[in-house]
K.L.:
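Starting off with a structure, shown below.
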Protein chains: 2
Amino acid sequence: MNPRLYNKAMNANRPYSGLIERLKLKAIRPTRQRLALGKLLFERDGEACNRHVTAEQLHSEAAASGVRVSLATVYNTLHQFTAAGLLREVVVEPGQSMFDTNVDEHHHFYFESSGVLEDIPGHGVELARLPEPPAGSRVKRVDVIIRLA
Amino acid sequence: MNPRLYNKAMNANRPYSGLIERLKLKAIRPTRQRLALGKLLFERDGEACNRHVTAEQLHSEAAASGVRVSLATVYNTLHQFTAAGLLREVVVEPGQSMFDTNVDEHHHFYFESSGVLEDIPGHGVELARLPEPPAGSRVKRVDVIIRLA
DNA sequence: ATACTTGCAAATCGTTTGCAATACC
DNA sequence: GGTATTGCAAACGATTTGCAAGTAT
């Protein structure tokens, strides 16, 4: 397909609203696969969508929505998005990573029985005191995970 | 070896101090491998030892100290000890679990560059507010991980 | 035109499992 | 003696990699 026409069409019915621009800003080429995955990640259920997916889940979703993407590409894309600050990787279980579309500072509930990860709404967690980071190190991130049974 | 003599010898130079009894209390048979691993885990550097090891690390240590234990047994043992409340499993990285000999409530520093996990001393972390657990669930554990770069 | 991306299949890594041989009580 | 435990090697699931073919700028 002529790429110029392709992009025009994309903007016409705005199925990727700001996605193309967002990716370009991060020097990530807006390929068909990346746009499809980005759409699934960032543009589901309107604006306030914060999702927590595994690579396998996203791969299934893509397949379900008729997009053919290889699992390897899903992994590549998730990591690229994470490196670009569009996603955040959260580790709660040994053996698989979850990717969170909410990159603001926040914490999580983890339902051990179902494997579901969920943002803790608002300022539900307040850290009153944090220790000094050991000499020579700086705090990169503080993760609070409330494990539920 | 005659088990009676074996146990007597064990107590004579106390290489397993209370370990045998601790295991028996949890209905875990004090086999040679479990005692060796338990010793490496709980009785290094005197009393105040809190260690954070992966299965592979413990397996290497065992080998280094001349004990022949299969990796499968190391995994079995770590999980049995964890189920018995002698260890706690901590997940900080996708792809491998760490086991913490400190089972009291406490939190962690994680040095991303080296992969080292370390207890935060004293009451370095204070959680001033925690959210209500969602209906139908109860808090099993709260993990705070301070990731350092 | 060129460099970046993709898909596939194979490789890798941590972990688990099946089962015969062995150790504990 | 009878059951639990061990070791080995094979199986496993998630993730990564190498490389030829396809795509974006």
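Quick note: numbers below take in every heavy atom, side chains included, and nothing from hydrogens, waters or symmetry partners.
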K.L.:
Determine: side-chain N/O of B:Arg34 to OP1/OP2 of C:dC24, distance under 4.0 Å, yes or no.
P.N.:
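B:Arg34 to C:dC24 OP1/OP2: no side-chain N or O under 4.0 Å.
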K.L.:
Tell me the interatomic distance from A:Ile20, atom CD1, to D:dT23, atom P, rounded to whole angstroms.
P.N.:
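Spelled out: CD1 on A:Ile20 to P on D:dT23 is 17 Å.
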K.L.:
So, is B:Thr31 close to the D:dT6 phosphate, meaning a side-chain N or O under 4.0 Å from OP1 or OP2?
P.N.:
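It does, given that an N or O in the side chain of B:Thr31 lies less than 4.0 Å from OP1 or OP2 of D:dT6.
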K.L.:
Whole Å only: how far is the CG atom of B:Leu71 from the C1' atom of D:dA9?
P.N.:
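Taking CG of B:Leu71 and C1' of D:dA9, I get 12 Å after rounding.
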K.L.:
Of the non-hydrogen atoms in A:Gly38 and A:Leu19, which two are nearest, and what is the gap between them?
P.N.:
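Heavy atoms of A:Gly38 and A:Leu19 come nearest at C-CD1, 3.5 Å.
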K.L.:
Among A:Thr82, A:Asp104, A:Asp143, which one satisfies side chain to side chain donor-acceptor pair (under 3.5 Å) with A:Arg88?
P.N.:
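Output: one option passes, namely A:Asp143.
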K.L.:
Looking only at heavy atoms, what is the nearest atom pair of B:Pro30 and B:Leu35, with distance?
P.N.:
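Closest heavy-atom pair between B:Pro30 and B:Leu35: O-CD1, 3.7 Å.
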K.L.:
Just call it for B:Ser97: base, sugar-phosphate, or nothing, with non-hydrogen atoms closer than 4.0 Å on any strand.
P.N.:
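If one applies the 4.0 Å heavy-atom cut-off, B:Ser97 turns out to touch the sugar-phosphate alone, with no base involved.
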K.L.:
OH of B:Tyr75 versus P of D:dT6: gap in Å, rounded?
P.N.:
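The answer, rounded to whole Å, is 16 Å.
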K.L.:
How close or far is atom P of D:dG13 from atom CD of A:Gln57, stated in whole angstroms?
P.N.:
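My rounded result for the distance is 16 Å.
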K.L.:
Using a cut-off of less than 4.0 Å, is there contact between a side-chain N or O of A:Gln33 and OP1 or OP2 of D:dT23?
P.N.:
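For D:dT23, neither OP1 nor OP2 has a side-chain N or O of A:Gln33 closer than 4.0 Å.
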K.L.:
What's the shortest heavy-atom distance between B:Leu37 and B:Thr73, and which atoms?
P.N.:
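Minimum heavy-atom separation between B:Leu37 and B:Thr73: CD1-O, 4.5 Å.
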K.L.:
Which of the following nucleotides, C:dC25, C:dC24, C:dT15, is nearest to the side chain of B:Glu56?
P.N.:
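Nearest nucleotide to the side chain: C:dT15.
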K.L.:
Please pick, from C:dT15, D:dT5, C:dC25, the nucleotide with the shortest atom-to-atom distance to any side-chain atom of B:Gln96.
P.N.:
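Of C:dT15, D:dT5, C:dC25, C:dT15 is nearest to the side chain of B:Gln96.
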K.L.:
OP1 or OP2 of C:dA23 sitting under 4.0 Å from any side-chain N/O of B:Arg29?
P.N.:
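The answer is no; no side-chain N or O of B:Arg29 sits under 4.0 Å from OP1 or OP2.
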K.L.:
Rounding to a whole Å, what distance do you find between B:Asn76:CG and C:dG18:C1'?
P.N.:
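These atoms are roughly 12 Å apart.
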K.L.:
Could you check which of D:dC8, C:dC25, C:dT6 has an atom nearest any side-chain atom of B:Pro30?
P.N.:
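The listed nucleotide nearest to B:Pro30's side chain is C:dC25.
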K.L.:
Is A:Arg68 close enough to C:dC8 that one of its side-chain N or O atoms is under 4.0 Å from OP1 or OP2 there?
P.N.:
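Checking C:dC8 against A:Arg68, a side-chain N or O does come within under 4.0 Å of OP1 or OP2.
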K.L.:
Write down the distance between NE2 (A:His59) and P (D:dT16), rounded to a whole number of angstrom.
P.N.:
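Taking NE2 of A:His59 and P of D:dT16, I get 15 Å after rounding.
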K.L.:
Between C:dT15 and B:His79, is there an OP1 or OP2 to side-chain N/O distance shorter than 4.0 Å?
P.N.:
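So the side chain of B:His79 is outside the cut-off, no N or O lying under 4.0 Å from OP1 or OP2 of C:dT15.
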K.L.:
To the nearest Å, give me how far apart CZ (A:Arg32) and C1' (D:dA21) are.
P.N.:
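Computing the A:Arg32:CZ to D:dA21:C1' distance gives 14 Å.
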K.L.:
How close do B:Val67 and B:Ala36 get, counting heavy atoms only, and between which atoms?
P.N.:
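Reported closest heavy-atom pair: CG1-CB, 3.6 Å.
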K.L.:
Rounded to the Å, how far apart are A:Lys26 NZ and D:dA24 C1'?
P.N.:
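From A:Lys26 NZ to D:dA24 C1': 21 Å.
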